[in-house]
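Working notes for the structure below.
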Amino acid sequence: QVQLVESGGGLVQAGGSLRLSCAASGRTSSDYTVGWFRQAPGKEREFVAGIMKITGRTSYADSVKGRFTISRDNAKNTVYLQMNSLKLEDTAVYYCAARYIAYVDYDPNKYGYWGQGTQVTVSP
């Protein structure tokens, strides 16, 4: 199994930037996919971005394309989400999740391992 710990959330003004980190431990030698999801109050959890560990292939939700960048450092078993040009509607709890399949799926139910989440709040 893999354990995930997110960090880097906080309060930022609209137009600003934040970088989230997702540190993995445990069974990290296998190939796996990491996805970032977010959930705003009263809304369903939604896909933000994903990356495959070995190939580094990425995928993004349309709402964040051009503003967010997902990357990984396999030596540190860490995945990052660089968020630029933040908007009020980006406010949510952000979660990273992992699955032992080398394919980025947009469905959160396809991920079996989750971090505890980190709050991102964008203010006017």
How about Tyr60 and Ile51: do any of their side-chain heavy atoms sit closer than 4.5 Å? no

For Leu20 and Met83, run side chain to side chain contact (heavy atoms under 4.5 Å, CB included): C-alpha distance rounded to whole Å, both residues' side-chain angles, the deciding distance at 0.1 Å, then the answer. CA-CA 8 Å; Leu20 305 183; Met83 306 186 294; 3.8 Å; yes

Would you find more than 12 non-hydrogen atoms of other residues, nucleotides or ligands less than 6.0 Å from Glu44 atom CD? no

Here's one to test your reading of the geometry: is the NZ or CZ of Arg27 within 45 degrees of the ring axis of Tyr100 and under 6.0 Å from its centre? yes

Is there a path of hydrophobic side-chain contacts, each under 4.5 Å between heavy atoms of I, L, V, M, F, W or Y residues, that connects Val93 with Tyr113? no

Could you check whether any side-chain N or O of Thr121 sits under 3.5 Å from a backbone N or O of Thr91, counting only pairs where one atom can act as donor and the other as acceptor? no

Can you measure from OG1 (Thr33) to NZ (Lys110) and round to the nearest 0.5 angstrom? 12.5 Å

Has Glu6 got a side-chain atom pairing as donor or acceptor with Gly117's backbone, closer than 3.5 angstrom? yes

OG of Ser29 to CG of Asn74: how many Å apart, nearest 0.5 Å? 11.5 Å

Please report the interatomic distance CG(Leu81) to OG1(Thr118), rounded to the nearest 0.5 Å. 11.0 Å

Check whether Leu86 and Val48 end up in the same hydrophobic cluster, where Ile, Leu, Val, Met, Phe, Trp and Tyr are linked by side-chain heavy atoms less than 4.5 Å apart. yes

To the nearest 0.5 Å, what is the distance between CG (Leu88) and OG (Ser123)? 7.5 Å

I'd like to know if Trp114 and Ile70 are part of one continuous hydrophobic network [Ile/Leu/Val/Met/Phe/Trp/Tyr, side-chain heavy atoms within less than 4.5 Å]. no

Trp36 side chain reached by Val79 side chain, heavy atoms, under 4.5 Å: yes

Spell out, yes or no, whether Phe47 and Met52 are grouped together once hydrophobic residues are joined by side-chain heavy atoms under 4.5 Å, including indirect joins. yes

Sub-3.5 Å donor-acceptor pair from the side chain of Arg67 to the main-chain atoms of Ser85, do we have one? yes

Do the charged groups of Asp62 and Lys65 touch, with an N to O distance under 4.0 Å? yes

Should the pair Tyr111 and Phe37 be assigned to parallel (<30°), tilted (30 to 60°) or perpendicular (>60°) ring geometry? perpendicular

Does the side chain to side chain contact (heavy atoms under 4.5 Å, CB included) test come out yes or no for Arg72 and Val34, once each step is laid out? CA-CA 9 Å; Arg72 89 264 194 242; Val34 172; over 6 Å; no

Answer yes or no: is there a donor N or O on one side and an acceptor on the other, between the side chain of Lys53 and the main chain of Thr28, under 3.5 Å? yes

Taking the hydrophobic residues Ile, Leu, Val, Met, Phe, Trp and Tyr, and joining any pair whose side-chain heavy atoms are under 4.5 Å apart, which ones share a cluster with Ile54? none

Who clusters with Tyr103? Use side-chain heavy atoms, under 4.5 angstrom, across I, L, V, M, F, W and Y, and order the result by chain and number. Ile101

Matching residue for Thr78 among Ser71, Cys96, Cys22, Ser21 - test: side chain to side chain contact (heavy atoms under 4.5 Å, CB included): Ser21

So for atom CD, which belongs to Gln1, do other residues, nucleotides or ligands contribute more than 12 heavy atoms lying within a distance under 6.0 Å? no

